[in-house]
Amino acid sequence: MAGPMQISLEEIISMLLQRVDSLSASDENNKTKQNIINRVLYNKGIITDSDIMVSVKEEYRMLKELGVIQAEPDESMYQTITDGILQWIKGDVEGIKKSMADYEKKLQELAKAEAAKKPKIEVANANVLNQLDAANKGGKLII
(Lines give C-alpha, C1' and ligand atoms only; values in the text may rest on other atoms or scores of the structure.)
Protein backbone atom coordinates (compact mmCIF):
# COMPACT_ATOMS: atom_id res chain seq x y z
CA MET A 1 0.00 0.00 0.00
CA ALA A 2 1.36 3.39 -0.97
CA GLY A 3 1.94 5.95 1.74
CA PRO A 4 0.25 9.34 1.79
CA MET A 5 1.46 11.71 -0.87
CA GLN A 6 3.04 14.85 0.50
CA ILE A 7 2.74 18.13 -1.31
CA SER A 8 4.11 21.46 -0.21
CA LEU A 9 2.04 24.57 0.33
CA GLU A 10 4.03 26.23 -2.45
CA GLU A 11 3.01 23.48 -4.89
CA ILE A 12 -0.65 23.82 -3.90
CA ILE A 13 -0.55 27.58 -4.38
CA SER A 14 1.20 27.17 -7.72
CA MET A 15 -1.47 24.70 -8.92
CA LEU A 16 -4.27 27.03 -7.77
CA LEU A 17 -2.71 30.03 -9.52
CA GLN A 18 -2.35 28.02 -12.73
CA ARG A 19 -6.02 27.07 -12.47
CA VAL A 20 -7.06 30.70 -11.92
CA ASP A 21 -4.98 31.77 -14.94
CA SER A 22 -6.63 29.06 -17.03
CA LEU A 23 -10.12 30.10 -15.92
CA SER A 24 -9.33 33.76 -16.60
CA ALA A 25 -8.13 32.98 -20.12
CA SER A 26 -11.21 30.83 -20.75
CA ASP A 27 -13.49 33.62 -19.48
CA GLU A 28 -11.83 36.18 -21.77
CA ASN A 29 -12.16 33.76 -24.71
CA ASN A 30 -15.88 33.31 -23.97
CA LYS A 31 -16.41 37.08 -23.69
CA THR A 32 -14.73 37.60 -27.05
CA LYS A 33 -16.87 34.95 -28.70
CA GLN A 34 -20.05 36.39 -27.15
CA ASN A 35 -19.14 39.90 -28.29
CA ILE A 36 -18.60 38.66 -31.84
CA ILE A 37 -21.91 36.77 -31.91
CA ASN A 38 -23.80 39.74 -30.43
CA ARG A 39 -22.20 42.07 -32.99
CA VAL A 40 -23.27 39.81 -35.87
CA LEU A 41 -26.84 39.59 -34.56
CA TYR A 42 -26.99 43.36 -34.04
CA ASN A 43 -25.60 44.14 -37.49
CA LYS A 44 -28.16 41.81 -39.07
CA GLY A 45 -30.96 43.61 -37.20
CA ILE A 46 -31.88 40.56 -35.12
CA ILE A 47 -31.01 42.40 -31.88
CA THR A 48 -32.10 46.03 -31.45
CA ASP A 49 -31.31 48.74 -28.92
CA SER A 50 -34.73 48.25 -27.35
CA ASP A 51 -34.14 44.48 -27.13
CA ILE A 52 -31.03 45.18 -25.05
CA MET A 53 -32.95 47.54 -22.74
CA VAL A 54 -35.75 45.00 -22.24
CA SER A 55 -33.21 42.26 -21.49
CA VAL A 56 -31.33 44.43 -19.00
CA LYS A 57 -34.56 45.21 -17.16
CA GLU A 58 -35.55 41.53 -17.19
CA GLU A 59 -32.15 40.52 -15.78
CA TYR A 60 -32.43 42.95 -12.86
CA ARG A 61 -36.06 41.96 -12.22
CA MET A 62 -34.92 38.34 -11.93
CA LEU A 63 -31.99 39.26 -9.66
CA LYS A 64 -34.39 41.12 -7.36
CA GLU A 65 -36.86 38.23 -7.27
CA LEU A 66 -34.02 35.81 -6.50
CA GLY A 67 -32.93 38.03 -3.61
CA VAL A 68 -29.50 38.77 -5.10
CA ILE A 69 -30.19 42.53 -5.07
CA GLN A 70 -32.40 44.61 -2.78
CA ALA A 71 -33.98 46.85 -5.41
CA GLU A 72 -34.03 47.30 -9.15
CA PRO A 73 -32.03 50.21 -10.60
CA ASP A 74 -33.78 53.38 -11.69
CA GLU A 75 -34.43 54.19 -15.34
CA SER A 76 -31.23 56.23 -15.76
CA MET A 77 -29.14 53.31 -14.49
CA TYR A 78 -30.89 50.96 -16.94
CA GLN A 79 -30.01 53.41 -19.71
CA THR A 80 -26.37 53.58 -18.57
CA ILE A 81 -26.07 49.78 -18.50
CA THR A 82 -27.74 49.47 -21.91
CA ASP A 83 -25.49 52.15 -23.39
CA GLY A 84 -22.41 50.32 -22.11
CA ILE A 85 -23.53 47.05 -23.67
CA LEU A 86 -24.37 48.76 -26.95
CA GLN A 87 -20.94 50.41 -27.07
CA TRP A 88 -19.36 46.95 -27.10
CA ILE A 89 -21.83 45.52 -29.60
CA LYS A 90 -21.43 48.48 -31.94
CA GLY A 91 -17.65 48.50 -31.54
CA ASP A 92 -17.69 52.15 -30.38
CA VAL A 93 -14.03 52.36 -29.32
CA GLU A 94 -14.09 56.12 -28.68
CA GLY A 95 -17.23 55.79 -26.57
CA ILE A 96 -15.68 52.95 -24.58
CA LYS A 97 -12.50 54.96 -23.98
CA LYS A 98 -14.56 57.93 -22.80
CA SER A 99 -16.64 55.73 -20.50
CA MET A 100 -13.50 54.18 -19.03
CA ALA A 101 -11.96 57.62 -18.45
CA ASP A 102 -15.18 58.86 -16.80
CA TYR A 103 -15.29 55.76 -14.61
CA GLU A 104 -11.66 56.21 -13.55
CA LYS A 105 -12.32 59.87 -12.74
CA LYS A 106 -15.31 58.90 -10.56
CA LEU A 107 -13.19 56.30 -8.74
CA GLN A 108 -10.50 58.89 -8.05
CA GLU A 109 -13.11 61.34 -6.74
CA LEU A 110 -14.56 58.65 -4.46
CA ALA A 111 -11.07 57.76 -3.20
CA LYS A 112 -10.38 61.42 -2.40
CA ALA A 113 -13.72 61.73 -0.61
CA GLU A 114 -12.98 58.60 1.46
CA ALA A 115 -9.50 59.86 2.29
CA ALA A 116 -10.97 63.17 3.47
CA LYS A 117 -13.33 61.34 5.85
CA LYS A 118 -10.57 59.40 7.60
CA PRO A 119 -9.12 60.95 10.73
CA LYS A 120 -5.58 62.21 10.34
CA ILE A 121 -2.79 61.93 12.85
CA GLU A 122 -0.37 64.78 12.61
CA VAL A 123 3.00 64.81 14.32
CA ALA A 124 4.40 68.10 15.54
CA ASN A 125 8.08 68.85 15.12
CA ALA A 126 10.42 69.04 18.13
CA ASN A 127 10.29 72.88 18.37
CA VAL A 128 6.50 72.89 18.68
CA LEU A 129 6.64 70.17 21.35
CA ASN A 130 9.24 72.14 23.32
CA GLN A 131 7.05 75.25 23.12
CA LEU A 132 4.06 73.28 24.40
CA ASP A 133 6.11 71.86 27.25
CA ALA A 134 7.33 75.36 28.17
CA ALA A 135 3.77 76.71 28.04
CA ASN A 136 2.75 73.97 30.47
CA LYS A 137 5.19 75.44 33.06
CA GLY A 138 7.56 72.54 33.33
CA GLY A 139 5.00 69.73 33.23
CA LYS A 140 5.54 67.33 30.39
CA LEU A 141 2.67 67.07 27.93
CA ILE A 142 4.30 64.26 26.04
CA ILE A 143 6.38 61.54 27.61
Can a salt bridge be assigned to the pair [X] and [Y] using a cut-off of 4.0 Å between side-chain N and carboxylate O?
X	Y	value
Arg61	Glu58	yes
Glu59	Lys64	no
Asp92	Lys97	no

Side chains of [X] and [Y] in contact at under 4.5 Å (non-hydrogen atoms):
X	Y	answer
Met53	Glu75	yes
Ile52	Ile89	yes
Asn29	Lys31	no

Crowding at [atom1], [X] (>12 non-hydrogen neighbours, <6.0 Å):
X	atom1	answer
Glu104	CD	no
Glu11	CD	yes
Met15	CE	yes

From [atom1] ([X]) to [atom2] ([Y]), nearest 0.5 Å:
X	Y	atom1	atom2	answer
Tyr42	Leu86	OH	CG	5.5 Å
Leu41	Arg39	CG	CZ	11.5 Å
Thr82	Asp51	OG1	CG	11.0 Å
Ile69	Tyr60	CD1	OH	7.0 Å
Ile81	Lys57	CD1	NZ	11.0 Å
Asp27	Ser22	CG	OG	11.0 Å

Is there a chain of hydrophobic side chains (I, L, V, M, F, W, Y, each step under 4.5 Å between heavy atoms) that links [X] to [Y]?
X	Y	value
Ile12	Val20	no
Ile7	Leu16	yes
Val93	Trp88	no
Val54	Met62	no

Problem - Exam field: side chain Thr80 to backbone Ser76, donor-acceptor pair closer than 3.5 Å - result: yes

Practice task
May I have the step-by-step check of side chain to side chain donor-acceptor pair (under 3.5 Å) for Gln34 and Asn30, ending in yes or no?
Solution key: CA-CA 6 Å; Gln34 189 64 48; Asn30 286 333; over 6 Å; no

Practice task
Start with the C-alpha gap between Asp83 and Gln79, add the side-chain angles, then the distance that decides, and say whether side chain to side chain donor-acceptor pair (under 3.5 Å) holds.
Solution key: CA-CA 6 Å; Asp83 291 345; Gln79 190 61 53; 2.8 Å; yes

Problem - salt bridge (charged side-chain N to carboxylate O under 4.0 Å, His left out) between Glu114 and Lys117, intermediate numbers included - result: CA-CA 5 Å; Glu114 284 297 315; Lys117 290 180 186 176; 3.6 Å; yes

Practice task
Would you check, one step at a time, whether the test salt bridge (charged side-chain N to carboxylate O under 4.0 Å, His left out) holds for Asp102 with Lys106?
Solution key: CA-CA 6 Å; Asp102 291 345; Lys106 285 179 184 178; over 6 Å; no

Practice task
Give the other cluster members for Leu107, using side-chain heavy-atom distances under 4.5 Å between Ile, Leu, Val, Met, Phe, Trp and Tyr residues; answer none if it is isolated.
Solution key: Tyr103

Problem - Nearest non-hydrogen partners of Val56 and Tyr78, listed with the distance - result: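 Looks like CG1-CD2, 3.7 Å.
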
Exercise for the section: I would like to know whether Leu63 and Gln70 meet side-chain contact (heavy atoms from CB on, under 4.5 Å); could you show each step before the answer? Expected result: CA-CA 9 Å; Leu63 290 172; Gln70 296 286 327; over 6 Å; no

